[in-house]
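Scroll down for the structure; my scribbles are underneath it.
This chain uses plain numbering: 1 for the first residue, then up along the sequence.
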Amino acid sequence: MYVNNLKLNNYRNYESLDIEFKKGINIIYGNNAQGKTNILEAIYYCATARSHRTNYDKDLILWGQNEGHINLEVQKKNNEIIDIHFRKSGKKGIAVNKYPIQKLNQLYGTLNVILFSPEDLSLVKKGPSERRKFIDIELCQIDKIYLYNLQQYHKVLKQRNNLLKAVAYGKGDKATIEIWDEQLITFGSKLIKARYDFINELKNYVMEIHEQITNGKEKLIIKYEKNCEEQYFSNLLKKNVDKDIKFGNTSIGPHRDDLAFRVNDIDLRTFGSQGQHRTAALSLKLAEIDLIKQKTNDLPVLLLDDVLSELDDSRQKHLLSTLENIQTIVTCTGVEDFIHKGMEVDRMIKISSGVAEIVK
């Protein structure tokens with residue numbers, strides 16, 4: 001799997017852009033604030049139907065325009081075309097091979113990507129919501145049923161929370177909370193199981209990669225920290241219902257899960273050094289490649305957003321050593337790191353003020 005072509009119209013700072021990528025290593029370089037990351041964001045959006053930088057689609061449209069457009073060609077067994085229209089006035093439109101999709105699970109899996117940005121280097125020390133987001137995005141790409149269960153769970157969770165607030169103000173019936181509890185348990189239990197299985201598979205890849213990066217000096221263990229066990233979900237919801245009404249929020253469920261990182265019995269989230277955080281994050285991202293390959297029988301596209309400048313030489317070396325058989329699209333301010341390390345670059349694109357120039 002690899003991205004063959006990307007076209008942008010009125011997207012971010014691009015009035016018009018048309019780029020063909022190569023199967024190997026593609027470098028997008030230029031000064032800061034020229035639009036390099038916008039290209040990776042557009043590719044990421046085609047895979048996940050979301051931006052990693054904003055929650056508002058209107059932010060993706062060129063200033064002063066009412067519509068924006070992404071067209072992306074993915075080379076698999078057959079060519080796949082992903083077409084996305086953004087409108088400031090309303091709902092976006094997504095089509096795959098010219099057929100409009102009605103549900104996101106019709107998009108997921110068309111293009112699998114792994115995005116690695118400087119922000120991801122802080123994944124270990126960030127809050128639980130960021131680590132849950134990491135789990136959810138990866139699972140949605142490889143499991144369409146998980147995507148459906150996740151969407152339904154959050155819909156039910158929102159309805160339950162609204163009812164809790166209404167009951168607190170004497171405007172709702174406490175007895176009807178159980179109706180939402182049943183649905184929350186149904187979908188939540190499926191999320192818990194899927195996350196547990198996913199982390200159990202991922203952790204073996206992570207451990208092996210981390211030992212290689214640290215030359216066997218550290219053993220990284222990741223663990224899925226459930227907010228509650230599936231078999232106790234129902235009882236805990238009932239036990240905490242009065243507290244939930246008081247605070248207007250559901251206190252039990254997989255929306256409060258976390259992911260733990262431990263090295264030699266030390267919790268990296270609290271006590272790890274910056275170097276350990278970055279090594280753990282790098283191990284996690286590289287492990288995703290192996291797991292997605294196992295699950296889909298295909299390699300994902302790797303998007304590296306100016307991350308090399310944030311890694312020391314040893315971590316750079318390990319990351320670059322993984323790029324041989326996977327399409328990689330890299331943003332950076334210069335190409336010196338690749339040239340000095342003897343990397344074979346297949347395509348070089350210079351970006352200046354929203355204009356792309358093919359250098360190689």
Side-chain angles (χ1 to χ4, degrees), residues 3 6-17 19 28 30-72 82-95 101 103-105 107-108 110-123 125-141 147 150-151 154-155 157-158 255 281 285 288 300-307 309-310 329-333 351 353-356:
V3 175
L6 175 70
K7 296 183 179 72
L8 302 177
N9 291 102
N10 295 333
Y11 182 92
R12 291 286 194 182
N13 68 323
Y14 292 100
E15 183 178 343
S16 179
L17 180 76
I19 298 179
I28 302 171
N31 294 330
N32 291 325
Q34 301 302 303
K36 303 186 300 293
T37 297
N38 296 340
I39 294 174
L40 297 193
E41 178 188 44
I43 297 171
Y44 183 81
Y45 201 107
C46 287
T48 64
R50 61 181 293 167
S51 164
H52 65 291
R53 301 155 73 197
T54 179
N55 293 322
Y56 304 102
D57 288 342
K58 64 181 181 180
D59 295 341
L60 307 177
I61 301 173
L62 179 68
W63 180 258
Q65 300 297 318
N66 294 318
E67 295 185 357
H69 180 215
I70 306 173
N71 181 279
L72 183 141
I82 300 170
D83 203 74
I84 303 176
H85 275 92
F86 305 97
R87 300 175 180 87
K88 277 194 174 179
S89 58
K91 189 177 180 181
K92 63 176 171 277
I94 303 177
I101 68 169
K103 298 180 180 180
L104 286 182
N105 61 9
L107 173 67
Y108 273 91
T110 307
L111 169 65
N112 292 321
V113 301
I114 294 172
L115 173 67
F116 196 14
S117 68
E119 291 76 23
D120 291 315
L121 291 169
S122 302
L123 178 66
K125 67 178 181 181
K126 285 183 177 179
S129 63
E130 293 299 317
R131 292 185 284 273
R132 285 194 299 271
K133 186 189 298 184
F134 158 76
I135 297 172
D136 289 340
I137 289 173
E138 302 317 317
L139 267 170
C140 285
Q141 290 195 82
L147 171 62
L150 182 67
Q151 291 173 325
H154 282 289
K155 286 180 182 179
L157 180 64
K158 183 178 180 180
H255 60 288
K285 286 294 179 177
E288 289 180 70
V301 175
L302 182 60
L303 308 176
L304 301 178
D305 188 12
D306 201 23
V307 77
S309 61
E310 302 292 329
I329 304 174
V330 186
T331 65
C332 55
T333 53
I351 302 293
S353 299
V355 177

Check your understanding: Are K285 and D120 close enough that some pair of their side-chain heavy atoms sits under 4.5 Å apart?
Key -> yes

Practice problem: Taking the side chain as every heavy atom from C-beta outward, state whether K7 and I70 have any atom pair closer than 4.5 Å. | Solution: no

The single option from T37, D305, N38 that satisfies side-chain hydrogen bond (donor to acceptor under 3.5 Å, both in side chains) with R53 is N38

Is it true that the side chains of D59 and T54 contain a donor and an acceptor less than 3.5 Å apart? yes

One should read off an interatomic distance between K58 NZ and L60 CG, to the nearest 0.5 angstrom, of 11.5 Å

d(L104 CG, I94 CD1) to nearest 0.5 Å is 6.0 Å

So, D57 and Y45: side-chain donor and acceptor under 3.5 Å apart, yes or no? yes

**Asked** Given L72 and I43, is the side-chain contact (heavy atoms from CB on, under 4.5 Å) satisfied, shown in steps?
**Response** CA-CA 7 Å; L72 183 141; I43 297 171; 3.9 Å; yes

Practice prompt. Dump the intermediate steps for side-chain contact (heavy atoms from CB on, under 4.5 Å) on R50 and E41, then the final yes or no.
Written response: CA-CA 9 Å; R50 61 181 293 167; E41 178 188 44; over 6 Å; no

* Are I84 and C46 close enough that some pair of their side-chain heavy atoms sits under 4.5 Å apart? -> yes

Note: K88 and G64 closest approach over all heavy atoms is NZ-N, 4.4 Å

Under a 4.5 Å cut-off applied to non-hydrogen side-chain atoms, are Y14 and I39 in contact?
yes

Hey, are the side chains of V113 and L111 touching, using non-hydrogen atoms and a 4.5 Å cut-off?
yes

ask   = Is there side-chain contact between Q34 and S353, with at least one heavy-atom pair below 4.5 Å?
value = yes

Taking every heavy atom of R87 against every heavy atom of G93, the minimum-distance pair comes out as NH1-N, 3.8 Å

With a 4.5 Å cut-off on side-chain heavy atoms, are N31 and T333 touching?
no

One should read off an interatomic distance between I82 CD1 and N71 CG, to the nearest 0.5 angstrom, of 9.5 Å

Output for pair (F134 CZ, S129 OG), nearest 0.5 Å, gives 14.0 Å

**Request:** Go through N9 and E15 one step at a time and tell me if the side-chain contact (heavy atoms from CB on, under 4.5 Å) criterion holds.
**Result:** CA-CA 5 Å; N9 291 102; E15 183 178 343; over 6 Å; no

Item to complete: Mind telling me whether F86 and Y11 have parallel, tilted or perpendicular rings, with 30° and 60° as the class edges?
Response: tilted

Here the gap from D136 atom CG to R131 atom CZ, rounded to the nearest 0.5 Å, amounts to 13.5 Å

Just wondering, do I61 and N66 contact through their side chains at under 4.5 Å, heavy atoms? no

Quiz prompt | Worked verdict on Y108 versus I137 for side-chain contact (heavy atoms from CB on, under 4.5 Å) | solution = CA-CA 10 Å; Y108 273 91; I137 289 173; 5.9 Å; no

Distance col, row E67:CD vs L62:CG, nearest 0.5 angstrom, shows 12.5 Å

